[in-house]
2 protein chains.
Amino acid sequence: MFKHMDTDAPTLGLRERKKQKTRDTIIKVALDLFAERGYEQTTIADIADAADVSPRTIFAYFPSKEDIVFYDLAEVQARLAAALRNRPEGTTALDALGDFIAASLEGDSQQVQRRCVIKADEGLQRGKRARLAPLEELMIGAIVEDLDAGPGDIRPQIVASAVGAAFSSIHDENGPPESNTPEHAKAVIEDVMAFLRGGLEALRQR
Amino acid sequence: MFKHMDTDAPTLGLRERKKQKTRDTIIKVALDLFAERGYEQTTIADIADAADVSPRTIFAYFPSKEDIVFYDLAEVQARLAAALRNRPEGTTALDALGDFIAASLEGDSQQVQRRCVIKADEGLQRGKRARLAPLEELMIGAIVEDLDAGPGDIRPQIVASAVGAAFSSIHDENGPPESNTPEHAKAVIEDVMAFLRGGLEALRQR
DNA sequence: AGCAAGTTTGCAGACCGTGCAGTTATACGC
DNA sequence: GCGTATAACTGCACGGTCTGCAAACTTGCT
């Protein structure tokens with residue numbers, strides 16, 4: 001009956017919807033608990049209780065406790081890959097990266113909560129850094145093509161790590177409150193882009 | 001008798017020497033085992049057996065299994081701090097960083113082995129990234145002073161992360177063998193420095 | 001209804017890491 | 001030298017993460 005309605009809302013089967021809901025629940029209760037009493041002080045059993053599932057089930061959804069916190073990493077990664085792949089002809093990878101960061105400024109309340117949780121825990125800050133690596137790899141790949149860089153060329157690594165630093169810096173919302181506005185973020189992005197273009201130009205003149 | 005020979009070799013007491021030896025032994029056998037059968041496949045019990053100590057003792061020397069691999073991080077950190085603190089008047093923090101990286105090119109065979117071990121394990125690569133953070137913090141501090149940067153200024157983060165990337169890149173010995181010579185490394189450092197100076201200059205002209 | 005496939009669960013177990021208390025080795029004053 | 005204070009080592013028990021496995025359960029489809 002619904003078999004022929006494959007328009008754009010796939011009307012995911014009950015199974016899929018339930019699964020998604022379970023996943024969302026786990027994320028939500030976990031972040032709430034982490035925010036309330038800290039990441040280390042919250043056990044998998046606590047989360048399982050609050051989400052009304054078995055502890056074992058949590059590991060069916062997330063490979064590790066930390067992965068609950070970074071629940072949307074795969075999605076971000078996919079979006080970044082798409083942004084680099086589908087950028088308009090004639091724009092540089094650097095341009096695409098700037099746009100991507102600017103576009104990723106909005107964050108729902110869950111993501112805000114997540115940032116607090118990460119900021120409150122040493123291990124999670126490490127985890128965040130570590131999980132930035134695949135994103136930088138994506139950037140490096142695109143920049144290598146963009147600059148037609150050879151294997152010994154270090155420019156892609158420099159640029160990618162700098163963009164990563166800018167990304168972190170903008171999302172970290174340290175400093176005074178006025179540095180937390182979209183305008184300020186855009187200004188920072190502009191600065192970073194100018195810096196990197198200047199650096200690339202300096203190398204070009206050697 | 002030897003009590004009066006306190007020239008420059010402090011002749012650490014037996015206790016201290018033994019402790020140092022135990023630490024060295026643990027590091028050595030651990031790295032050997034990691035290299036032989038992999039980091040994950042080696043348990044603390046294995047290391048304890050091979051080092052002829054109790055498993056419990058290992059945690060008296062290293063806070064975690066990973067810390068065995070990064071046994072010299074504290075020393076590197078101290079050296080970096082000293083290099084930034086004691087740099088000759090008139091040289092920039094960037095100059096000091098370039099010199100520091102150039103000076104840290106030699107590595108004994110244990111450090112080479114360590115790099116192999118890290119390269120072979122996903123988790124250790126993450127750990128390495130995470131442990132770079134305090135070094136970058138040191139750099140950031142020095143660069144902030146150097147540039148007289150305000151709290152909202154992102155230049156220190158950019159520069160530090162780029163230097164960190166260069167540091168990693170040089171130590172990672174990927175690519176062809178000819179890219180693994182000190183000459184090549186120095187050339188890379190020169191490039192990075194030129195890049196960063198160019199970037200800073202570009203921002204200065206705004 | 002009933003079968004196939006996917007999901008959830010409990011159980012047992014490996015491993016990391018910590019607190020504690022007892023034992024052993026070193027250092028130091030006499 | 002000798003005894004005592006001090007530091008290191010050790011064993012033990014425990015809490016926590018994460019995995020493999022097989023049994024129970026739910027969903028999708030005919």
Side-chain angles (χ1 to χ4, degrees), chain A residues 1-6 10-27 29-30 33-34 37-71 117 121-124 126-127 130, chain B residues 1-4 6 10-27 29-30 33-34 37-71 121-124 126-127 130:
Chain A
M1 198 204 266
F2 285 100
K3 219 181 281 182
H4 306 142
M5 289 188 59
D6 51 4
T11 313
L12 266 45
L14 173 58
R15 211 169 226 166
E16 295 298 321
R17 271 181 289 134
K18 214 168 183 177
K19 218 174 151 179
Q20 193 58 49
K21 190 176 172 185
T22 303
R23 194 184 131 92
D24 290 346
T25 304
I26 293 173
I27 293 169
V29 303
L33 288 172
F34 293 160
R37 65 172 104 146
Y39 177 74
E40 294 277 1
Q41 280 64 47
T42 307
T43 71
I44 293 288
D46 293 334
I47 301 168
D49 272 355
D52 212 50
V53 293
S54 148
R56 192 69 187 77
T57 297
I58 296 194
F59 291 107
Y61 283 87
F62 301 94
S64 80
K65 189 181 168 187
E66 231 186 60
D67 283 286
I68 303 176
V69 176
F70 300 104
Y71 62 92
V117 169
D121 185 271
E122 180 82 21
L124 288 179
R126 285 188 171 194
Chain B
M1 196 205 267
F2 285 99
K3 218 180 283 182
H4 305 143
D6 51 4
T11 312
L12 265 46
L14 175 58
R15 211 171 225 168
E16 294 300 320
R17 271 182 290 133
K18 216 166 181 177
K19 216 174 152 180
Q20 194 57 50
K21 190 175 172 183
T22 303
R23 194 184 132 93
D24 291 346
T25 304
I26 293 173
I27 293 169
V29 304
L33 288 172
F34 293 160
R37 65 173 101 149
Y39 177 76
E40 295 278 1
Q41 280 64 47
T42 306
T43 71
I44 293 288
D46 293 334
I47 301 168
D49 273 355
D52 212 49
V53 292
S54 150
R56 194 67 188 76
T57 298
I58 295 191
F59 290 109
Y61 284 87
F62 301 94
S64 80
K65 188 180 167 187
E66 230 185 62
D67 283 286
I68 304 175
V69 177
F70 300 103
Y71 61 92
D121 185 90
E122 181 81 22
L124 288 180
R126 285 188 172 192

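Numbered from 1 within each chain, the chains take letters A, B, ... in sequence-line order.
- Taking the centre and axis of the six-membered ring of A:Phe59, the NZ or CZ atom of A:Lys65 falls outside the cone set by 45° and 6.0 Å.
- Distance A:Ile58 CD1 to C:dG10 C1': 15 Å, rounded to the nearest Å.
- Going from atom CZ of A:Phe34 over to atom C1' of D:dT17 covers 12 Å, rounded to whole Å.
- Here the shortest heavy-atom pairing between B:Glu66 and B:Gly123 reads OE2-O, 3.9 Å.
- If you measure from atom CZ of B:Phe59 to atom C1' of D:dG11, you get 14 Å, rounded to the nearest angstrom.
- B:Arg23 and B:Phe62 get closest at one heavy-atom pair: NH1-CE2, 3.5 Å.
- Counting only heavy atoms from C-beta on, A:Tyr61 has its side chain closest to C:dT7 among C:dT9, C:dC16, C:dT7.
- Checking the phosphate oxygens (OP1, OP2) of D:dG16, no side-chain nitrogen or oxygen of A:Lys65 falls inside 4.0 Å.
- Atom CD in A:Glu16 sits about 7 Å away from atom P in C:dT7, given to the nearest Å.
- The residue B:Thr57 sits close to a base: some heavy atom pair falls under 4.0 Å.
- Counting non-hydrogen atoms under 4.0 angstrom, B:Phe62 reaches nothing in the nucleic acid.
- Here the P atom of nucleotide C:dT7 and the CZ atom of A:Arg15 are 6 Å apart, to the nearest Å.
- Summarising the local packing, CG of A:Asp52 is surrounded by 12 or fewer heavy atoms from other residues, nucleotides or ligands at distances under 6.0 Å.
- The residue B:Pro63 sits close only to the backbone: its heavy atoms come under 4.0 Å of sugar-phosphate atoms, none of a base.
- Toward the 5′ end of DNA chain D lies the nearest nucleotide of B:Asp52, the other residue of the pair A:Glu40 and B:Asp52 mapping further downstream.
- Remark: B:Ser54 is not in phosphate contact with D:dC9, judged by side-chain N or O atoms under 4.0 Å from OP1 or OP2.
- Here the closest non-hydrogen pair linking A:Ser54 and A:Ala48 is C-CB, 3.9 Å.
- No N or O donor and acceptor, one from the side chain of B:Arg56 and one from the base of C:dG17, sit under 3.5 Å apart.
- Atom pair B:Gln41:CD and D:dT19:C1' shows a separation of 14 Å (rounding to whole Å applied).
- Here the nucleotide nearest the side chain of A:Lys18, chosen from C:dT18, D:dT27, C:dT9, is D:dT27.
- When the C1' atom of C:dC15 is taken as reference, atom CD of B:Glu66 falls 15 Å away, rounded to whole Å.
- Rounded to whole Å, the distance from CD1 on B:Ile44 to C1' on D:dG11 is 16 Å.
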